[in-house]
Q: 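One structure is given below, represented as structure tokens, and several questions about it will come after.
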There are 2 protein chains.
Amino acid sequence: MTDAATPLIRKDAARNRALLLEAAEDLYATVGLSVTLKDVARHAGVGVGTVYRHFPTKDDLLDALFADRLASATDSARKAAADPDGWRGLVRYLEDSMNMQVGNCGLRGLVVCTAPSSPLAVRSREEIAPLVQQMVAKAHQQGTLRPDFEAADVYYIQIALAAIIEATYHTDPYLYRHHLKLFIEGMRAGGHREPLPDSPESL
Amino acid sequence: MTDAATPLIRKDAARNRALLLEAAEDLYATVGLSVTLKDVARHAGVGVGTVYRHFPTKDDLLDALFADRLASATDSARKAAADPDGWRGLVRYLEDSMNMQVGNCGLRGLVVCTAPSSPLAVRSREEIAPLVQQMVAKAHQQGTLRPDFEAADVYYIQIALAAIIEATYHTDPYLYRHHLKLFIEGMRAGGHREPLPDSPESL
DNA sequence: CCCTAAACGGACCAACAATTCCGTTTTTTG
DNA sequence: CAAAAAACGGAATTGTTGGTCCGTTTAGGG
């Protein structure tokens with residue numbers, strides 16, 4: 001085997017790749033998905049060509065970048081799903097996942113994104129969905145969650161709060177927690193007096 | 001006066017302006033703020049030059065377009081503020097304003113927009129803010145609103161729900177009403193047992 | 001009917017982001 | 001150390017969008 005003798009990539013290439021990921025991590029987290037690959041290159045102190053040699057396309061960079069974030073989101077969901085108290089697990093998962101998004105504009109963009117988005121994000125959602133499903137089912141059995149709450153609602157709450165974070169994190173990064181509280185109160189079993197009509201025509 | 005004798009603009013100009021507004025209305029509502037002025041021109045059956053003669057910049061078109069929408073939002077707020085029952089007014093205002101956004105992608109973009117956005121949208125917000133303030137104050141006096149709910153929260157709820165609508169209206173335009181319900185339940189006075197810690201560090 | 005000014009259409013320009021290409025530099029290895 | 005391979009930098013290309021310019025057409029008063 002030549003694997004020890006000849007490293008698969010040259011030393012400088014490896015260094016630049018690391019530099020690139022670091023710079024991209026930094027920029028995407030603080031600025032968001034709108035950063036240019038030219039920006040990333042400059043931030044890393046290399047040329048654009050180098051970026052494209054390591055990551056054939058912008059999405060490839062993003063995938064490499066968010067792979068671990070998304071993995072840790074799945075982790076969080078797994079832990080939450082393991083909680084014997086469905087309600088508590090659900091609340092913790094919401095808290096964890098939103099907390100993760102406060103510090104990372106790019107991640108937010110990825111989550112809120114309506115478009116097909118990166119296959120990575122899609123896969124992550126597919127991994128997490130059954131876990132959320134479990135929490136919701138458990139909470140329903142335990143009678144702590146309002147009966148008309150569905151697993152998909154968790155995802156929509158995340159989208160909603162991401163939008164609030166987007167609008168407020170400059171001023172007050174944790175303001176969103178107040179609205180998270182509001183949502184959580186709304187999720188509770190036993191609250192729904194005076195139901196809203198299902199479609200506004202009836203108003 | 002020559003106003004009756006010589007119309008301020010030529011007949012064809014007037015017709016094209018109307019055509020343009022109609023086309024823009026249509027496109028912005030169904031596609032969103034991303035439509036190109038070239039698209040609008042094509043849709044209206046005129047050249048781009050004509051668009052720019054009538055509306056020097058894209059924002060001018062948008063302003064002309066959304067002026068009446070925003071006015072009707074203010075109306076809705078005024079009516080809601082007039083309701084002697086603060087809670088009911090608040091709920092109605094939320095319902096009205098969100099219902100307005102379901103059918104109009106462009107409007108949604110304008111509302112959610114974090115950036116300075118058009119001066120028109122800003123003015124509209126400034127007009128509506130004191131009305132919302134009134135509703136909230138009244139509901140607080142009447143003890144129907146949770147004590148830590150502030151007027152600004154109404155705006156954030158709108159942003160949050162707009163994001164949900166954005167993600168779901170293709171599939172089910174009124175799904176957002178379910179989440180509106182959740183928010184409304186969370187707004188109620190008397191719900192907040194087990195408060196969330198204010199910042200996640202404590203978790 | 002004809003002339004003038006207003007209005008028109010769309011080619012053209014500038015700015016910007018993604019991506020490609022290629023001559024030059026660096027690493028590796030014999 | 002020298003040559004080949006691998007990687008590099010950044011100019012150039014492509015595609016897109018907001019916006020301008022100007023030669024041509026048309027409305028409408030005399």
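Keep in mind the model is a prediction, meaning the values are calculated, not measured. Letters A, B, ... are given to chains in the order of the sequence lines, protein chains preceding strands, and every chain is numbered from 1.
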Q: Rounded to whole angstrom units, what separation is found between the CZ atom of A/Arg53 and the P atom of D/dC8?
A: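 One finds 5 Å between P of D/dC8 and CZ of A/Arg53, rounded.
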
Q: Measure the distance from NZ on A/Lys11 to P on D/dC8 and round it to the nearest whole Å.
A: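 Those two atoms, NZ and P, are 13 Å apart.
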
Q: Measure OH/B/Tyr52 against P/C/dA7 and give the value in whole Å, please.
A: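 Rounded to the whole Å, the gap is 19 Å.
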
Q: Does B/Thr50 put a side-chain nitrogen or oxygen below 4.0 Å from OP1 or OP2 of C/dA7?
A: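 Answer is no, no contact under 4.0 Å.
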
Q: Nearest-Å distance, CZ (B/Arg42) to C1' (D/dT16)?
A: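 Computing the B/Arg42:CZ to D/dT16:C1' distance gives 13 Å.
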
Q: D/dG19 phosphate, OP1 or OP2: any side-chain N/O from B/Thr57 under 4.0 angstrom?
A: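 Affirmative; the distance criterion is met.
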
Q: Just verifying a value: how many Å separate A/Trp87 CH2 and A/Met187 CE, rounded to the nearest 0.5 Å?
A: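 Nearest 0.5 Å value for the CH2-CE distance: 4.5 Å.
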
Q: Less than 4.0 angstrom between a side-chain N/O of B/Asn16 and OP1 or OP2 of C/dC8, yes or no?
A: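 So the side chain of B/Asn16 is within the cut-off, an N or O lying under 4.0 Å from OP1 or OP2 of C/dC8.
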
Q: Between C/dT28, C/dG9, C/dA7, which nucleotide gets closest to the side-chain atoms of B/Val46?
A: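 So the nucleotide nearest the side chain must be C/dG9.
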
Q: In whole angstrom, what separates B/Ile9's CD1 from D/dT26's P?
A: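 Rounding to the nearest Å, CD1 of B/Ile9 and P of D/dT26 are 19 Å apart.
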
Q: Rounding to a whole Å, what distance do you find between A/Lys38:NZ and D/dT13:C1'?
A: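 A/Lys38 atom NZ is separated from D/dT13 atom C1' by 12 Å.
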
Q: Can you tell me if A/His54 touches the phosphate of D/dA7, counting only side-chain N or O atoms and a distance under 4.0 Å to OP1 or OP2?
A: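 Checking A/His54 against D/dA7: no side-chain N or O falls below 4.0 Å of OP1 or OP2.
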
Q: With DNA chain D as reference, determine whether B/Arg15 or B/Val48 sits nearer its 5' end, using the nearest nucleotide of each.
A: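 Its nearest nucleotide lies further toward 5', so the answer is B/Val48.
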
Q: From the set C/dA7, C/dA17, C/dT26, return the single nucleotide nearest to any side-chain atom of A/Thr36.
A: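 Out of C/dA7, C/dA17, C/dT26, the nucleotide with an atom closest to A/Thr36's side chain is C/dA17.
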
Q: Could you walk me through whether A/His43 and A/Asp26 pass the side chain to side chain donor-acceptor pair (under 3.5 Å) test, one step at a time?
A: CA-CA 9 Å; A/His43 206 71; A/Asp26 192 17; 3.1 Å; yes

Q: Where is the tightest heavy-atom contact between A/Ser124 and A/Thr74, given as atom of each residue plus distance?
A: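 In this case the closest contact between A/Ser124 and A/Thr74 is OG-OG1, 4.5 Å.
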
Q: To the nearest Å, give me how far apart CG (A/Asp39) and C1' (C/dA17) are.
A: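 Taking CG of A/Asp39 and C1' of C/dA17, I get 10 Å after rounding.
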
Q: Take atom CD in A/Glu22; do more than 12 heavy atoms of anything else shown fall under 6.0 Å from it?
A: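 For A/Glu22, atom CD is not crowded (no more than 12 foreign heavy atoms under 6.0 Å).
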
Q: Rounded to the nearest angstrom, tell me the gap between atom NZ in B/Lys58 and atom P in D/dT16.
A: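 In whole Å, D/dT16 P lies 15 Å from B/Lys58 NZ.
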
Q: Classify the side-chain pair A/Tyr93/A/Gln158 by whether it contains a donor and acceptor separated by less than 3.5 Å.
A: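 Distance-only check passes for A/Tyr93 and A/Gln158.
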
